[in-house]
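Just below is one structure, and these are the notes that go with it.
In what follows, residues are counted from 1 in the order of the sequence shown.
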Amino acid sequence: MSYSKIDLQNLRNFYQNQLLNDTVPFWFPRSIDTDFGGYLLMRDQDGSLIDDDKAVWIQGRAAWLLATLYNTVEPKQEWLEGSKTGIDFLNNHCFDTDGQMFFHVTRDGKPIRKRRYFFSETFAVIAMSAYAKASGDETVAEKARFLFGKCIEYSTNPDLLEPKFTATRPSKGIGTPMILINTAQQLRDNIGDPRCDEWISKWIAEIETYFVKDDIKCVMEQVAPDGSIIDHIDGRTLNPGHAIEGAWFILHEAKYRNNDPHLIALGCKMLDYMWERGWDKEHGGILYFRDVYDKPVQEYWQDMKFWWPQNEVIIATLLAYTMTGNQKYATWHKMVHDYGYSKFHDAANGEWFGYLHKDGTIAQTAKGNMFKGPFHLPRQEWYCLQLLNEYLKENKNVVGSALD
(Lines give C-alpha, C1' and ligand atoms only; values in the text may rest on other atoms or scores of the structure.)
Protein backbone atom coordinates (compact mmCIF):
# COMPACT_ATOMS: atom_id res chain seq x y z
CA MET A 1 0.00 0.00 0.00
CA SER A 2 0.94 3.66 -0.15
CA TYR A 3 -0.40 6.72 1.61
CA SER A 4 -2.14 9.37 -0.48
CA LYS A 5 -1.96 13.02 0.45
CA ILE A 6 -5.44 12.72 1.91
CA ASP A 7 -4.37 9.64 3.90
CA LEU A 8 -1.42 11.51 5.35
CA GLN A 9 -3.50 14.56 6.19
CA ASN A 10 -6.06 12.35 7.92
CA LEU A 11 -3.27 10.56 9.77
CA ARG A 12 -1.84 13.90 10.85
CA ASN A 13 -5.26 14.97 12.15
CA PHE A 14 -5.69 11.66 13.93
CA TYR A 15 -2.42 11.99 15.83
CA GLN A 16 -3.19 15.57 16.78
CA ASN A 17 -6.63 14.64 18.07
CA GLN A 18 -5.39 11.64 20.02
CA LEU A 19 -2.57 13.61 21.59
CA LEU A 20 -4.51 16.71 22.60
CA ASN A 21 -8.00 15.35 23.19
CA ASP A 22 -7.37 11.84 24.48
CA THR A 23 -3.86 11.11 25.78
CA VAL A 24 -2.75 14.35 27.42
CA PRO A 25 -6.15 15.00 29.10
CA PHE A 26 -5.99 11.57 30.73
CA TRP A 27 -2.91 12.71 32.66
CA PHE A 28 -3.23 16.43 33.10
CA PRO A 29 -4.13 18.42 35.05
CA ARG A 30 -5.20 15.73 37.54
CA SER A 31 -1.73 14.20 37.88
CA ILE A 32 -0.07 17.41 39.04
CA ASP A 33 0.63 17.11 42.77
CA THR A 34 -0.36 20.49 44.16
CA ASP A 35 0.72 19.49 47.69
CA PHE A 36 4.26 18.20 47.18
CA GLY A 37 5.12 19.05 43.57
CA GLY A 38 5.84 16.69 40.73
CA TYR A 39 3.27 14.26 39.43
CA LEU A 40 1.03 11.46 40.70
CA LEU A 41 1.17 9.09 37.75
CA MET A 42 0.44 5.58 39.01
CA ARG A 43 -3.14 5.30 37.79
CA ASP A 44 -5.72 2.66 36.92
CA GLN A 45 -7.89 2.42 33.81
CA ASP A 46 -10.27 5.17 34.93
CA GLY A 47 -7.51 7.47 36.16
CA SER A 48 -7.92 6.62 39.84
CA LEU A 49 -4.72 6.58 41.86
CA ILE A 50 -3.26 3.16 42.70
CA ASP A 51 -0.05 4.38 44.37
CA ASP A 52 1.25 7.82 45.31
CA ASP A 53 4.98 6.99 45.11
CA LYS A 54 6.95 8.68 42.35
CA ALA A 55 9.20 7.04 39.78
CA VAL A 56 12.00 9.49 38.99
CA TRP A 57 12.20 8.40 35.35
CA ILE A 58 8.56 9.27 34.83
CA GLN A 59 8.80 12.56 36.71
CA GLY A 60 11.45 13.68 34.21
CA ARG A 61 9.58 12.30 31.23
CA ALA A 62 6.35 14.08 32.20
CA ALA A 63 8.16 17.39 32.69
CA TRP A 64 9.75 16.91 29.26
CA LEU A 65 6.37 16.26 27.65
CA LEU A 66 4.70 19.36 29.06
CA ALA A 67 7.58 21.66 28.16
CA THR A 68 7.80 20.13 24.69
CA LEU A 69 4.09 20.68 24.09
CA TYR A 70 4.59 24.30 25.17
CA ASN A 71 7.56 24.70 22.82
CA THR A 72 6.11 23.01 19.74
CA VAL A 73 2.31 22.83 19.87
CA GLU A 74 0.97 25.84 21.78
CA PRO A 75 2.48 28.06 24.51
CA LYS A 76 -0.15 27.24 27.12
CA GLN A 77 0.70 28.62 30.53
CA GLU A 78 -0.60 25.50 32.26
CA TRP A 79 1.87 23.36 30.35
CA LEU A 80 4.77 25.61 31.31
CA GLU A 81 3.70 25.71 34.96
CA GLY A 82 3.08 21.96 34.91
CA SER A 83 6.58 21.34 33.62
CA LYS A 84 8.07 23.61 36.27
CA THR A 85 6.54 21.59 39.10
CA GLY A 86 8.30 18.51 37.77
CA ILE A 87 11.63 20.30 37.34
CA ASP A 88 11.42 21.70 40.88
CA PHE A 89 10.58 18.25 42.30
CA LEU A 90 13.55 16.70 40.51
CA ASN A 91 15.92 19.37 41.80
CA ASN A 92 14.58 19.40 45.35
CA HIS A 93 14.08 15.70 46.01
CA CYS A 94 15.62 13.38 43.43
CA PHE A 95 19.38 13.88 43.87
CA ASP A 96 21.41 12.01 46.47
CA THR A 97 24.24 13.69 48.37
CA ASP A 98 26.77 12.12 45.96
CA GLY A 99 25.08 13.87 43.02
CA GLN A 100 23.53 10.72 41.60
CA MET A 101 19.79 10.60 41.13
CA PHE A 102 17.33 8.28 42.81
CA PHE A 103 15.03 5.91 40.93
CA HIS A 104 12.03 5.75 43.30
CA VAL A 105 10.88 8.22 45.96
CA THR A 106 7.82 8.74 48.14
CA ARG A 107 5.14 11.27 47.30
CA ASP A 108 6.89 13.93 49.38
CA GLY A 109 10.31 13.05 47.98
CA LYS A 110 11.88 10.72 50.54
CA PRO A 111 14.30 8.31 48.79
CA ILE A 112 13.34 4.66 48.44
CA ARG A 113 15.67 3.25 45.80
CA LYS A 114 18.69 4.19 43.73
CA ARG A 115 19.73 2.00 40.79
CA ARG A 116 23.17 1.29 39.41
CA TYR A 117 22.84 3.21 36.19
CA PHE A 118 22.12 6.76 35.14
CA PHE A 119 18.87 6.74 33.20
CA SER A 120 17.20 9.03 35.75
CA GLU A 121 19.85 11.57 34.78
CA THR A 122 19.16 11.21 31.05
CA PHE A 123 15.46 11.94 31.55
CA ALA A 124 16.35 14.90 33.76
CA VAL A 125 18.55 16.25 30.93
CA ILE A 126 15.75 16.18 28.36
CA ALA A 127 13.24 17.61 30.84
CA MET A 128 15.50 20.44 31.92
CA SER A 129 16.56 21.31 28.39
CA ALA A 130 12.94 21.47 27.20
CA TYR A 131 11.90 23.53 30.22
CA ALA A 132 14.90 25.85 29.83
CA LYS A 133 13.89 26.51 26.24
CA ALA A 134 10.29 27.17 27.25
CA SER A 135 11.08 29.39 30.23
CA GLY A 136 14.40 30.96 29.28
CA ASP A 137 15.77 29.85 32.67
CA GLU A 138 19.53 29.76 32.14
CA THR A 139 20.15 28.10 35.52
CA VAL A 140 18.09 25.11 34.44
CA ALA A 141 19.86 25.09 31.07
CA GLU A 142 23.24 24.91 32.78
CA LYS A 143 22.00 22.10 35.01
CA ALA A 144 20.92 20.17 31.91
CA ARG A 145 24.34 20.59 30.32
CA PHE A 146 26.09 19.66 33.57
CA LEU A 147 24.04 16.46 33.89
CA PHE A 148 24.74 15.59 30.26
CA GLY A 149 28.44 15.83 31.10
CA LYS A 150 27.89 13.50 34.05
CA CYS A 151 26.14 11.03 31.75
CA ILE A 152 29.17 11.07 29.45
CA GLU A 153 31.42 10.46 32.47
CA TYR A 154 29.31 7.55 33.69
CA SER A 155 29.19 5.99 30.22
CA THR A 156 32.92 6.25 29.62
CA ASN A 157 34.05 5.38 33.15
CA PRO A 158 31.95 2.42 34.31
CA ASP A 159 33.95 2.18 37.55
CA LEU A 160 32.19 5.35 38.75
CA LEU A 161 29.05 3.29 39.36
CA GLU A 162 28.78 0.15 41.44
CA PRO A 163 28.68 -2.86 39.10
CA LYS A 164 25.64 -5.10 39.06
CA PHE A 165 27.55 -8.18 37.90
CA THR A 166 30.96 -9.68 38.60
CA ALA A 167 33.75 -9.62 36.00
CA THR A 168 33.25 -13.30 35.16
CA ARG A 169 31.24 -12.70 31.99
CA PRO A 170 31.67 -9.08 30.87
CA SER A 171 29.07 -7.58 28.56
CA LYS A 172 27.75 -4.28 27.29
CA GLY A 173 24.23 -3.29 26.34
CA ILE A 174 22.74 -1.27 23.52
CA GLY A 175 20.63 0.70 26.00
CA THR A 176 23.38 3.14 27.02
CA PRO A 177 24.43 4.40 23.57
CA MET A 178 20.79 4.41 22.44
CA ILE A 179 19.43 6.52 25.27
CA LEU A 180 22.40 8.87 25.08
CA ILE A 181 21.81 9.50 21.36
CA ASN A 182 18.29 10.68 22.09
CA THR A 183 19.37 12.61 25.18
CA ALA A 184 21.95 14.49 23.13
CA GLN A 185 19.46 15.12 20.32
CA GLN A 186 16.96 16.66 22.73
CA LEU A 187 19.61 18.76 24.44
CA ARG A 188 20.93 19.98 21.07
CA ASP A 189 17.50 20.76 19.68
CA ASN A 190 16.32 22.61 22.78
CA ILE A 191 19.25 24.66 24.05
CA GLY A 192 22.34 23.50 22.17
CA ASP A 193 25.57 21.96 23.40
CA PRO A 194 28.78 21.75 21.35
CA ARG A 195 29.49 18.19 22.51
CA CYS A 196 26.38 16.65 21.03
CA ASP A 197 27.28 16.01 17.38
CA GLU A 198 30.59 14.31 18.16
CA TRP A 199 29.15 12.09 20.87
CA ILE A 200 26.10 11.14 18.81
CA SER A 201 28.46 9.99 16.05
CA LYS A 202 30.42 7.90 18.56
CA TRP A 203 27.31 6.26 19.97
CA ILE A 204 25.92 5.46 16.53
CA ALA A 205 29.26 3.95 15.54
CA GLU A 206 29.20 1.83 18.69
CA ILE A 207 25.76 0.47 17.84
CA GLU A 208 26.70 -0.22 14.24
CA THR A 209 30.03 -1.84 15.10
CA TYR A 210 29.02 -4.03 18.01
CA PHE A 211 25.26 -4.63 18.01
CA VAL A 212 24.10 -4.79 14.37
CA LYS A 213 24.73 -8.29 13.01
CA ASP A 214 24.31 -8.35 9.24
CA ASP A 215 25.24 -12.03 8.95
CA ILE A 216 22.19 -13.10 10.96
CA LYS A 217 20.06 -9.98 10.27
CA CYS A 218 19.67 -8.96 13.86
CA VAL A 219 20.27 -6.16 16.37
CA MET A 220 21.57 -7.56 19.65
CA GLU A 221 20.46 -6.23 23.02
CA GLN A 222 23.77 -7.09 24.68
CA VAL A 223 27.10 -8.45 23.51
CA ALA A 224 30.56 -9.28 24.82
CA PRO A 225 33.04 -6.36 24.90
CA ASP A 226 34.38 -7.40 21.49
CA GLY A 227 30.86 -7.55 20.00
CA SER A 228 30.58 -11.32 19.95
CA ILE A 229 27.32 -13.00 20.94
CA ILE A 230 27.25 -14.38 24.48
CA ASP A 231 25.67 -17.81 24.00
CA HIS A 232 23.72 -17.88 27.24
CA ILE A 233 20.06 -17.10 27.81
CA ASP A 234 20.56 -13.45 28.80
CA GLY A 235 23.06 -12.85 26.01
CA ARG A 236 20.77 -14.31 23.37
CA THR A 237 17.65 -12.37 24.42
CA LEU A 238 16.45 -9.77 21.93
CA ASN A 239 14.06 -6.88 22.50
CA PRO A 240 12.75 -5.97 19.02
CA GLY A 241 10.88 -2.84 20.10
CA HIS A 242 13.95 -1.48 21.86
CA ALA A 243 16.17 -2.03 18.83
CA ILE A 244 13.58 -0.36 16.58
CA GLU A 245 13.49 2.61 18.96
CA GLY A 246 17.22 2.87 18.34
CA ALA A 247 16.57 2.65 14.61
CA TRP A 248 14.35 5.74 14.64
CA PHE A 249 16.85 7.68 16.75
CA ILE A 250 19.36 7.01 13.96
CA LEU A 251 16.87 7.93 11.23
CA HIS A 252 16.12 11.14 13.11
CA GLU A 253 19.83 11.90 13.11
CA ALA A 254 19.97 11.18 9.39
CA LYS A 255 17.31 13.87 8.84
CA TYR A 256 19.28 16.33 10.96
CA ARG A 257 22.36 15.60 8.84
CA ASN A 258 20.69 16.47 5.53
CA ASN A 259 19.37 12.96 4.92
CA ASP A 260 22.71 11.26 5.43
CA PRO A 261 22.46 8.15 3.21
CA HIS A 262 24.60 5.96 5.43
CA LEU A 263 22.49 6.67 8.48
CA ILE A 264 19.25 6.17 6.53
CA ALA A 265 20.51 2.77 5.39
CA LEU A 266 21.60 1.83 8.92
CA GLY A 267 18.32 2.87 10.53
CA CYS A 268 16.21 1.11 7.90
CA LYS A 269 18.32 -2.03 8.16
CA MET A 270 17.82 -2.15 11.93
CA LEU A 271 14.07 -1.67 11.45
CA ASP A 272 13.94 -4.39 8.79
CA TYR A 273 15.87 -6.92 10.86
CA MET A 274 13.84 -6.45 14.01
CA TRP A 275 10.42 -6.19 12.36
CA GLU A 276 11.06 -9.68 11.02
CA ARG A 277 12.13 -10.84 14.48
CA GLY A 278 9.41 -9.07 16.44
CA TRP A 279 6.15 -8.90 14.51
CA ASP A 280 3.66 -11.54 15.64
CA LYS A 281 2.48 -13.06 12.38
CA GLU A 282 -0.37 -14.89 14.11
CA HIS A 283 -2.00 -12.18 16.23
CA GLY A 284 -0.28 -8.95 15.18
CA GLY A 285 1.70 -6.58 17.35
CA ILE A 286 5.33 -6.52 18.41
CA LEU A 287 6.39 -9.31 20.78
CA TYR A 288 8.43 -8.36 23.82
CA PHE A 289 11.41 -10.76 23.84
CA ARG A 290 12.83 -13.18 21.28
CA ASP A 291 15.88 -15.46 21.30
CA VAL A 292 18.50 -14.77 18.64
CA TYR A 293 18.59 -18.48 17.76
CA ASP A 294 14.86 -19.07 18.33
CA LYS A 295 15.45 -20.96 21.55
CA PRO A 296 13.12 -20.58 24.55
CA VAL A 297 13.29 -17.21 26.30
CA GLN A 298 13.62 -17.16 30.08
CA GLU A 299 11.23 -14.33 31.00
CA TYR A 300 7.63 -15.50 31.31
CA TRP A 301 6.32 -12.27 29.71
CA GLN A 302 8.37 -12.91 26.56
CA ASP A 303 5.36 -13.26 24.25
CA MET A 304 3.26 -10.46 25.73
CA LYS A 305 2.55 -7.21 23.93
CA PHE A 306 3.72 -4.15 25.89
CA TRP A 307 2.51 -0.70 24.90
CA TRP A 308 5.81 1.04 24.27
CA PRO A 309 7.29 -1.22 21.55
CA GLN A 310 4.18 -0.52 19.46
CA ASN A 311 4.71 3.24 19.97
CA GLU A 312 8.37 3.05 18.89
CA VAL A 313 7.56 0.99 15.80
CA ILE A 314 4.77 3.39 14.82
CA ILE A 315 7.34 6.21 14.82
CA ALA A 316 10.05 4.21 13.06
CA THR A 317 7.88 2.96 10.22
CA LEU A 318 6.36 6.39 9.50
CA LEU A 319 9.77 8.03 9.63
CA ALA A 320 11.25 5.39 7.31
CA TYR A 321 8.37 5.82 4.88
CA THR A 322 8.58 9.61 4.73
CA MET A 323 12.36 9.47 4.28
CA THR A 324 12.55 6.71 1.67
CA GLY A 325 9.15 6.49 -0.02
CA ASN A 326 9.39 2.70 0.33
CA GLN A 327 5.83 1.35 0.31
CA LYS A 328 6.82 -1.48 2.64
CA TYR A 329 7.13 0.99 5.48
CA ALA A 330 3.70 2.46 4.78
CA THR A 331 2.26 -1.05 4.98
CA TRP A 332 4.08 -1.79 8.22
CA HIS A 333 3.04 1.54 9.71
CA LYS A 334 -0.61 0.83 9.01
CA MET A 335 -0.29 -2.66 10.47
CA VAL A 336 1.25 -1.57 13.77
CA HIS A 337 -0.87 1.59 13.98
CA ASP A 338 -4.09 -0.36 13.49
CA TYR A 339 -3.01 -3.00 15.99
CA GLY A 340 -2.03 -0.45 18.63
CA TYR A 341 -5.13 1.71 18.43
CA SER A 342 -7.54 -1.21 18.18
CA LYS A 343 -6.04 -3.31 21.00
CA PHE A 344 -4.35 -0.93 23.47
CA HIS A 345 -6.48 2.20 23.26
CA ASP A 346 -9.15 2.68 25.92
CA ALA A 347 -11.96 4.53 24.13
CA ALA A 348 -13.96 4.95 27.33
CA ASN A 349 -11.28 6.61 29.45
CA GLY A 350 -8.52 7.66 27.09
CA GLU A 351 -4.84 6.62 26.88
CA TRP A 352 -3.59 3.06 26.33
CA PHE A 353 -3.49 -0.02 28.48
CA GLY A 354 0.09 -1.07 29.06
CA TYR A 355 0.07 -4.84 28.90
CA LEU A 356 -1.68 -7.34 26.66
CA HIS A 357 -1.48 -11.10 26.37
CA LYS A 358 -0.13 -12.60 23.16
CA ASP A 359 -3.65 -12.82 21.70
CA GLY A 360 -4.30 -9.12 22.34
CA THR A 361 -6.51 -9.47 25.41
CA ILE A 362 -5.85 -7.12 28.33
CA ALA A 363 -3.50 -8.55 30.95
CA GLN A 364 -4.07 -5.80 33.54
CA THR A 365 -5.66 -2.38 33.55
CA ALA A 366 -2.99 0.00 34.91
CA LYS A 367 -2.28 3.05 32.78
CA GLY A 368 0.58 4.22 35.01
CA ASN A 369 3.15 2.52 37.26
CA MET A 370 6.91 2.65 37.91
CA PHE A 371 7.65 2.34 34.18
CA LYS A 372 4.54 3.50 32.34
CA GLY A 373 3.38 7.11 32.31
CA PRO A 374 2.92 10.05 29.93
CA PHE A 375 5.88 9.39 27.66
CA HIS A 376 6.02 6.69 24.99
CA LEU A 377 2.44 7.12 23.73
CA PRO A 378 2.28 10.94 23.81
CA ARG A 379 5.82 11.14 22.43
CA GLN A 380 4.75 8.90 19.54
CA GLU A 381 1.66 10.99 18.80
CA TRP A 382 3.61 14.24 19.16
CA TYR A 383 6.50 13.05 17.00
CA CYS A 384 4.24 11.70 14.25
CA LEU A 385 2.27 14.96 14.29
CA GLN A 386 5.43 17.04 13.92
CA LEU A 387 6.79 14.72 11.25
CA LEU A 388 3.62 14.86 9.16
CA ASN A 389 3.29 18.62 9.56
CA GLU A 390 6.78 19.00 8.14
CA TYR A 391 6.35 16.38 5.42
CA LEU A 392 3.04 17.68 4.16
CA LYS A 393 4.38 21.22 4.06
CA GLU A 394 7.47 20.16 2.11
CA ASN A 395 5.48 18.03 -0.34
CA LYS A 396 2.38 20.19 -0.81
CA ASN A 397 3.13 20.74 -4.49
CA VAL A 398 4.42 17.27 -5.30
CA VAL A 399 2.48 15.44 -8.00
CA GLY A 400 3.04 11.88 -9.16
CA SER A 401 5.17 10.95 -6.17
CA ALA A 402 4.70 8.21 -3.62
CA LEU A 403 2.17 10.51 -2.00
CA ASP A 404 -0.31 10.10 -4.84
[X] and [Y]: which non-hydrogen atoms are nearest, and at how many Å?
X: I174; Y: F211; answer: N-CE2, 3.4 Å
X: R116; Y: K164; answer: NH1-CA, 3.6 Å
X: W279; Y: G284; answer: CZ2-CA, 3.6 Å
X: S2; Y: A330; answer: CA-CB, 4.3 Å
X: S83; Y: Y131; answer: OG-CD1, 3.6 Å
X: L19; Y: P378; answer: CD1-O, 3.6 Å

Straight-line distance of [X] [atom1] to [Y] [atom2], nearest 0.5 Å:
X: L238; Y: C218; atom1: CG; atom2: SG; answer: 4.0 Å
X: L318; Y: W248; atom1: CG; atom2: CH2; answer: 11.5 Å
X: I58; Y: L65; atom1: CD1; atom2: CG; answer: 11.5 Å
X: L69; Y: K76; atom1: CG; atom2: NZ; answer: 9.0 Å
X: T176; Y: Q222; atom1: OG1; atom2: CD; answer: 11.5 Å
X: F306; Y: I286; atom1: CZ; atom2: CD1; answer: 14.0 Å

With a 6.0 Å cut-off (strictly less than), is the heavy-atom count around NZ of K133, excluding the residue itself, greater than 12?
yes

Closer than 3.5 angstrom, by distance alone: can the side chain of [X] be matched with the main-chain N or O of [Y] as a donor-acceptor pair?
X: T361; Y: H357; value: no
X: Q185; Y: F249; value: yes
X: T85; Y: G38; value: yes
X: S31; Y: F28; value: no
X: R30; Y: L40; value: no
X: N157; Y: D159; value: no
X: S129; Y: I126; value: yes
X: K367; Y: Q45; value: yes
X: R195; Y: R145; value: yes
X: N395; Y: Y391; value: yes

Minimum side-chain heavy-atom gap [X]-[Y] below 4.5 Å:
X: P111; Y: D96; result: no
X: Y288; Y: K305; result: no
X: P374; Y: T23; result: no
X: Y3; Y: T322; result: no
X: D22; Y: N17; result: no
X: Q18; Y: H345; result: yes
X: E282; Y: D359; result: no
X: L20; Y: E381; result: no

Please determine if [X] and [Y] form a salt bridge, counting it only when a charged side-chain N lies under 4.0 Å from a carboxylate O.
X: K84; Y: E81; answer: no
X: E221; Y: R290; answer: no
X: K202; Y: E206; answer: no
X: E253; Y: R188; answer: yes
X: R169; Y: D234; answer: no

Between D272 and Y329, a side-chain donor and acceptor under 3.5 Å
yes

Looking just at side-chain N and O atoms, do Q186 and N182 make a donor-acceptor pair shorter than 3.5 Å?
no

Would you please indicate if the ring centroids of [X] and [Y] are separated by under 6.0 Å?
X: Y39; Y: W27; result: no
X: W79; Y: Y70; result: no
X: H337; Y: F14; result: yes

Carefully, step by step, assess T68 and W382 under the rule side chain to side chain donor-acceptor pair (under 3.5 Å).
CA-CA 9 Å; T68 298; W382 166 80; over 6 Å; no

Full working for side chain to side chain donor-acceptor pair (under 3.5 Å) between N92 and D88
CA-CA 6 Å; N92 294 335; D88 289 347; 5.5 Å; no

So K213 and V219, side-chain contact (heavy atoms from CB on, under 4.5 Å) or not? Walk me through it.
CA-CA 6 Å; K213 304 298 182 187; V219 181; over 6 Å; no

Partners of K255 by side-chain contact (heavy atoms from CB on, under 4.5 Å), sequence neighbours excluded?
N259, L319, M323, L387, E390

Once side-chain contact (heavy atoms from CB on, under 4.5 Å) is applied, do any residues pair with K217, and if so which ones, sequence neighbours excluded?
Y273

Would you mind telling me which of F375, F103, F118 makes a ring-ring contact (aromatic ring centres under 6.0 Å, His included) with W57?
F103

Classify the ring geometry of F289 against W301: parallel below 30°, tilted from 30° to 60°, perpendicular beyond 60°.
tilted

Run S4 and D7 through side chain to side chain donor-acceptor pair (under 3.5 Å) and show every step you take.
CA-CA 5 Å; S4 69; D7 291 335; 3.2 Å; yes

side-chain contact (heavy atoms from CB on, under 4.5 Å) assessment of I229 paired with I216
CA-CA 11 Å; I229 294 174; I216 56 172; 3.7 Å; yes

Among K269, K328, K281, exactly one meets salt bridge (charged side-chain N to carboxylate O under 4.0 Å, His left out) together with E276. Which residue is that?
K281

Pairs flagged by salt bridge (Lys or Arg N to Asp or Glu O under 4.0 Å) wherever residues 41-53 is involved - sequence neighbours left out
none

Begin with the C-alpha distance, continue with both residues' side-chain angles, and end with the deciding distance and a verdict on side-chain contact (heavy atoms from CB on, under 4.5 Å) for W352 and N311.
CA-CA 10 Å; W352 280 23; N311 299 140; 3.2 Å; yes

Start with the C-alpha distance between Y321 and Q327, add both sets of side-chain angles, then the distance that settles side-chain contact (heavy atoms from CB on, under 4.5 Å), and finish with yes or no.
CA-CA 7 Å; Y321 174 67; Q327 308 304 323; 3.9 Å; yes

For H262 and E208, what are the C-alpha separation, side-chain angles and deciding distance, and is it a side chain to side chain donor-acceptor pair (under 3.5 Å)?
CA-CA 11 Å; H262 178 76; E208 183 174 21; 3.0 Å; yes

